[in-house]
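Input: a single structure, listed below in structure tokens.
Lettering of chains follows the sequences in order, A, B, ..., and the numbering in each one begins at 1.
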Amino acid sequence: MDKNELVNELARRRGFLWPAFELYGGAAGFYDYGPLGAPLKRRIEDIWRQYFVISEGFAEIEAPTIGVEGIYQASGHLSGFSDPLTSCKECKEIYRADHLIKHIIEVPDALSNEEIYKCIQDNEIGCPECGGELSEVYEFNLMFKTMIGPGNKMAGYLRPETAQGMFINFPRLLRYFRDSLPFAAVQIGKSFRNEISPRQGVIRLREFTQAEAEIFIDPRDKSHPRFAEIADIKMKFYSQAAQEKGEEEEMTFGEAAQRGVVAHQALAYYVARTYQFLLAVGVAADKLRFRQHKSDEMAHYAADCWDAEVFLDRLGWIEIVGVADRTDYDLVAHAQASRVNLSVFVHYDQPVKRKKLVIKPDYKALGPRFKARAKAVGEALKALSPEELEASRGDKIYLTIEGERIEIDSSLVSFESVEEEIRGEEVVPHVIEPSFGIDRIIYTVLDHSFYQDDVEGEMRSVLRFNPAVAPIEVAVLPLMDRKELSDPARAIVQELRSSGMRVDYDASGSIGRRYRRNDEIGTPFDITVDYEIREHGTVTIRDRDSMKQIKVSRRQIADKLSALLAGRIKFEDAGEPVALGKKE
RNA sequence: GCGGCUGUGGUCCAGUGGUUAUGACAUAGGCUUCCCAAGCCUGUAACCCGGGUUCGAAUCCCGGCAGCCGCACCA
């Protein structure tokens with residue numbers, strides 16, 4: 001078995017990840033999180049909240065997973081998230097229909113399916129594999145469609161990303177944040193994509209969990225007030241230029257932003273926070289890189305985009321996070337589609353004074369003369385530029401209203417020059433979007449935490465979880481399942497649980513077997529209760545990674561463990577070392 | 001979607017037409033002053049699903065589902 005298989009097998013056997021619906025034969029692309037997987041996921045999400053909600057002051061919201069059609073028309077998912085396909089009638093191969101006519105038509109995207117099919121027929125394009133006839137062009141959309149309410153009146157779609165929930169709540173979020181930039185909203189939740197061929201376990205799912213932040217910033221100023229906090233952190237950047245050389249470039253974030261390797265400070269800042277978060281949950285630093293999208297793979301509206309990629313055995317480099325500057329694309333698209341203004345009024349530091357010509361049409365005179373068109377004439381007069389007015393001063397003014405040339409005596413218009421104060425301007429914010437694939441991160445944490453070592457000829461499997469993500473933090477093990485030991489052990493379990501720790505009790509099988517069981521699920525510390533608890537009032541704490549043990553007074557257990565779990569003290573300093581020889 | 005390979009207790013596997021389906025590990029209960037998966041006793045637990053061939057199917061055939069690999073697709 002290779003590592004990938006070992007990790008998958010362990011995850012299934014011990015209750016991290018289960019293929020869903022197994023009882024009924026299963027369905028590809030769906031997984032259950034079991035009794036250990038669900039808390040692992042929860043703890044990783046909570047650390048994400050620590051980084052992207054609490055520390056940054058972002059707002060977490062929760063939007064419906066089903067969306068109405070309008071959202072996805074505006075976002076482009078209805079048209080852009082589907083592909084025109086055609087299949088060979090002979091050999092059944094499936095092709096992207098638009099790709100087949102690329103050499104004939106420069107922008108096949110603009111054609112309808114019927115037009116593409118016509119083009120295929122007109123040019124007698126056959127199957128590239130066997131030359132067979134191609135079927136009609138049909139659409140495959142990756143969104144799950146459903147019906148809202150009875151009948152087919154209203155179509156609904158399961159969201160393909162959580163991001164749209166933040167965009168379409170922009171006006172309310174803006175008010176919540178008291179009309180000022182920057183601000184951000186986040187969402188952790190399920191998204192759905194009807195993938196053609198889900199593979200590789202939890203790496204490509206049809207129902208998956210995303211954690212996304214939409215950070216709305218002033219497009220004129222992409223610096224970041226907390227940039228200094230991360231400027232000195234070093235990381236390997238796999239930039240466009242570095243990719244051409246095939247070698248990552250190590251530098252600080254400060255340098256990356258200054259040299260323009262990363263487009264600007266704000267983007268660099270969130271790449272850095274992403275980097276810190278991934279390390280905090282247990283992604284291995286030497287199997288993590290940040291790769292910049294090449295210009296041809298970047299969305300046309302994006303200013304810059306960096307993917308966090310991790311190395312997984314057998315799968316290679318896999319994208320787990322994307323951090324992009326999406327500019328004003330999403331807000332502009334929704335503003336156009338919904339006809340709601342999605343901009344922010346940004347105040348200047350100092351109001352700008354500007355002279356302005358105010359034009360006042362004489363409606364008393366215009367009304368009787370132009371009747372119903374008087375209003376249109378007035379509007380046209382107001383729209384004149386100062387230059388046009390100047391040119392006609394004391395003379396006639398010529399306008400074109402509804403295609404008709406109209407002559408107006410300039411005496412029917414008065415104008416005056418006023419000085420106005422401009423206090424600010426309407427700005428459509430740009431969006432920085434860090435988008436996390438939580439399931440992929442969980443699998444990565446399992447993969448990167450897994451290791452095996454040889455203990456006296458026996459293979460020991462261990463998940464070296466960071467205590468902050470471990471589903472079980474402490475296992476309490478009576479050396480033997482006898483009342484004198486199990487009673488105090490159970491009392492310890494209750495005490496630790498009441499102070500909030502995730503504790504398991506295990507009295508089954510030999511002590512060594514129980515250590516192995518807990519090593520395998522990543523329990524950082526084991527408490528062994530032996531007869532010393534009666535003789536000296538002490539128990540031992542065992543460290544998962546070193547297998548070393550220390551002796552600790554029964555009364556100090558809760559304090560010592562919470563300090564150990566939080567990393568406030570080192571294991572060696574937490575108690576007296578125990579030298580244990582194997583009894584023959 | 002296409003093609004190839006595969007599907008037996010929780011896990012890994014034996015069984016290629018014939019009683020009650022082999023074994024190991026894991027797991028449960030008990031015994032044991034037992035500290036790193038290997039003691040002793042006793043249990044629980046499986047032929048992916050549906051159809052067909054046959055007196056009889058885990059075994060042969062067809063279909064479905066799932067997994068792995070390749071293609072395509074996706075990012």
Taking E520(A) first and then R516(A), would you say they form a salt bridge - that is, a charged N and a carboxylate O separated by under 4.0 Å? no
Does a side-chain N or O of S510(A) approach OP1 or OP2 of A38(B) to a distance below 4.0 Å, or not? yes
Nucleotide nearest R516(A) (side chain, heavy atoms from C-beta), chosen from C36(B), C34(B), A75(B): C36(B)
Whether the side chain of Q549(A) and the base of C35(B) hold a donor-acceptor pair under 3.5 Å is what I'd like checked. yes
Should D519(A) and R542(A) count as an ion pair when the cut-off is N to O under 4.0 Å? yes
Could you work out the separation of U59(B) and G7(B) based on their C1' atoms and round it to a whole Å? 13 Å
First encountered from the 5' end of RNA chain B, between D506(A) and M459(A): D506(A)
Starting the side chain at C-beta, find the nucleotide from C35(B), C36(B), U33(B) nearest to L479(A). C35(B)
Taking a pair to mean Watson-Crick or G-U wobble geometry with both distances below 3.5 Å, A58(B) pairs with none
Could you check which nucleotide pairs with U44(B) in any of the strands shown, counting Watson-Crick or G-U wobble with both distances under 3.5 Å? none
If the cut-off is 4.0 Å, is S508(A) near the phosphate of A28(B), judged by side-chain N/O to OP1 or OP2? yes
What is the nucleic acid contact for R513(A), judged by heavy atoms within less than 4.0 Å: base, sugar-phosphate only, or nothing? sugar-phosphate
Pairing nucleotide - G10(B), Watson-Crick or G-U, each distance under 3.5 Å: C25(B)
Base, sugar-phosphate or nothing for D530(A)? Non-hydrogen atoms, less than 4.0 Å. base
Partner of C31(B) under the Watson-Crick or G-U wobble criteria, both distances under 3.5 Å, comes out as G39(B)
Compare the minimum distances between each of C12(B), C35(B), A26(B) and the side chain of E9(A), then state the nucleotide with the smallest one. C12(B)
Side-chain contact check for R482(A): nearest option of A28(B), C74(B), U33(B) is U33(B)
Using a cut-off of less than 4.0 Å, is there contact between a side-chain N or O of R12(A) and OP1 or OP2 of U11(B)? yes
Of G67(B), C36(B), C35(B), the nucleotide closest to the side chain of V455(A) is C36(B)
Electrostatic pair D543(A)-K548(A), nearest N-O below 4.0 angstrom: no
Answer yes when R482(A) and E484(A) have at least one side-chain N-carboxylate O distance shorter than 4.0 Å, and no when they do not. yes
So does R542(A) reach the base of C36(B) with its side chain, donor to acceptor, closer than 3.5 Å? yes
Taking U32(B) as the reference, what is the distance to U6(B) when you measure between their C1' atoms (whole Å, please)? 45 Å
Choose from C35(B), A75(B), A66(B) the nucleotide whose nearest atom is closest to any side-chain atom of T540(A). C35(B)
With a cut-off of under 6.0 Å to the ring centre and 45° to the axis, is R273(A) in cation-pi contact with F52(A)? no
Taking C36(B), A66(B), U11(B) as options, the one with an atom nearest any side-chain atom of A27(A) is A66(B)
Between E309(A) and R289(A), is there a side-chain N and carboxylate O pair less than 4.0 Å apart? yes
